[in-house]
Protein chains: 2
Amino acid sequence: MDAIDLRLVELLRTNARLSFAELARQVGLSAPAVHERVGKLESSGVIRGYRADVDPDAVGLGVTALIGVVEESTTDADDLQALLKELPEIESCYFMAGVESFLLTVRVGTIAELERLIVRLNRTPGVASTRTGIALSAKWENRPRPLTPPTA
Amino acid sequence: MDAIDLRLVELLRTNARLSFAELARQVGLSAPAVHERVGKLESSGVIRGYRADVDPDAVGLGVTALIGVVEESTTDADDLQALLKELPEIESCYFMAGVESFLLTVRVGTIAELERLIVRLNRTPGVASTRTGIALSAKWENRPRPLTPPTA
DNA sequence: GGCGGAGGTCGATGGCATCCACGGCCTGTA
DNA sequence: TACAGGCCGTGGATGCCATCGACCTCCGCC
């Protein structure tokens, strides 16, 4: 992970469809060199994949919510996590410090669907309670942060 | 937005670097046809961009937190939003229903940096108070949800 | 029936991805 | 110092891909 790798990561983070030739021009190396570097970044797990950033509204997922989940004290967090993973509506799942063990970001089409999801969550074994906040709008999401060189 | 468009979106959501030729094979069209469809999806805003999914840990952003922000009653939400946008640490910003007007997902390198960020936030004009939850780990993030056809 | 547009296929061409052989530099060692 | 080996790069070759233009086909509408 030197400065060039960091620059490649930053470029791909902003536009994942850049060609290797273009990346090469940006960082001042040849295309094969960039190809190999990116391959290593992928296989070492620095780059986990490439995703199109899609407007959720446009694909029928206009409702975003954040749900805090309080675990029952008798349950194993791993078991609960496995159950949560079954629910495709859950886009992200964080294990948190605090009373609410999990914080979920959730995407559904309608408030009615959200209601059904909340009911389902509360019925899930290991869930003591949930607390839902509705996002009225996403001002921005997953904004790629400028990466600071390690010496900063 | 027909079923083929939806399939293209789903494919690109999972792997944004698929070639048009490969996409064409997957959906049973020719490459130029797919090229045109994807172009329209981009210019109509359905596809907002393409992002490499990077392990935050690997680029020195090992600390993730969620911060709820309570606005001062005298402030304009848009003004505050503009100020928040200046802070590169804020990865996502949702305008929420509830006491906390904004919910921020934040990514920093160390707990010390998080502390500085919280102090800065509390000093920001328009911010009445903040409430921070620390993510001990991200179980998963931005998982692409299988898209249901509109008739489902 | 004839027309026009949307959206598709096909074929050609230039650029890109990717493989391979080669070379320079840094480093540890005699 | 001289040298050997590994790492990382370059340059050239080759086949695939992106992309353009010409044409075709279907469908709704006059």
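Note on naming: letters A, B, ... go to the chains in the order of the sequence lines (proteins, then strands), and numbering restarts at 1 for each one.
Neither side chain, A:D53 nor A:N142, offers a donor N or O lying under 3.5 Å from an acceptor on the other.
Using a 4.0 Å cutoff to heavy atoms of chain A, the contacted part of DNA chain C runs 5' to 3' from C:dC16 to C:dC19.
Scanning all heavy atoms of the two residues, the minimum distance from B:L117 to B:E89 falls at CD2-CB, 3.8 Å. B:E10 and B:L147 make their closest contact through OE2-N, 3.3 Å (heavy atoms, listed as atom of the first residue, atom of the second, distance).
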Distances for protein N or O near nucleotides 17-20 of chain D N or O, under 3.5 Å:
{"unit_1": "D:dA18", "atom_1": "OP1", "unit_2": "B:F20", "atom_2": "N", "d": "2.8"}
{"unit_1": "D:dA18", "atom_1": "OP2", "unit_2": "B:F20", "atom_2": "N", "d": "3.3"}
{"unit_1": "D:dA18", "atom_1": "OP2", "unit_2": "B:A21", "atom_2": "N", "d": "2.9"}
{"unit_1": "D:dT19", "atom_1": "OP2", "unit_2": "B:H35", "atom_2": "NE2", "d": "2.3"}

Side-chain donor-acceptor distances from residues 70-77 of chain B under 3.5 Å, at least two apart:
{"unit_1": "B:E71", "atom_1": "OE1", "unit_2": "B:S101", "atom_2": "OG", "d": "2.9"}
{"unit_1": "B:E71", "atom_1": "OE2", "unit_2": "B:A77", "atom_2": "N", "d": "3.2"}
{"unit_1": "B:T75", "atom_1": "OG1", "unit_2": "B:E72", "atom_2": "O", "d": "3.0"}

request  = Begin from the C-alpha positions of B:E100 and B:Y94 and carry the test side chain to side chain donor-acceptor pair (under 3.5 Å) through to its verdict.
outcome  = CA-CA 10 Å; B:E100 295 171 351; B:Y94 300 95; over 6 Å; no

**Study point:** Test log, rule salt bridge (charged side-chain N to carboxylate O under 4.0 Å, His left out), inputs A:R37 and A:D2
**Key:** CA-CA 10 Å; A:R37 275 172 178 265; A:D2 60 4; 2.9 Å; yes

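Taking OG1 of A:T64 as the reference point, atom CD of A:E91 lies at 7.5 Å (rounded to 0.5 Å).
Atom pair A:E36:CD and D:dC8:P shows a separation of 8 Å (rounding to whole Å applied). A:I4 has its CD1 atom 10 Å from the C1' atom of D:dG9, to the nearest Å.
A heavy-atom distance below 4.5 Å is found between the side chains of B:V27 and B:V34.
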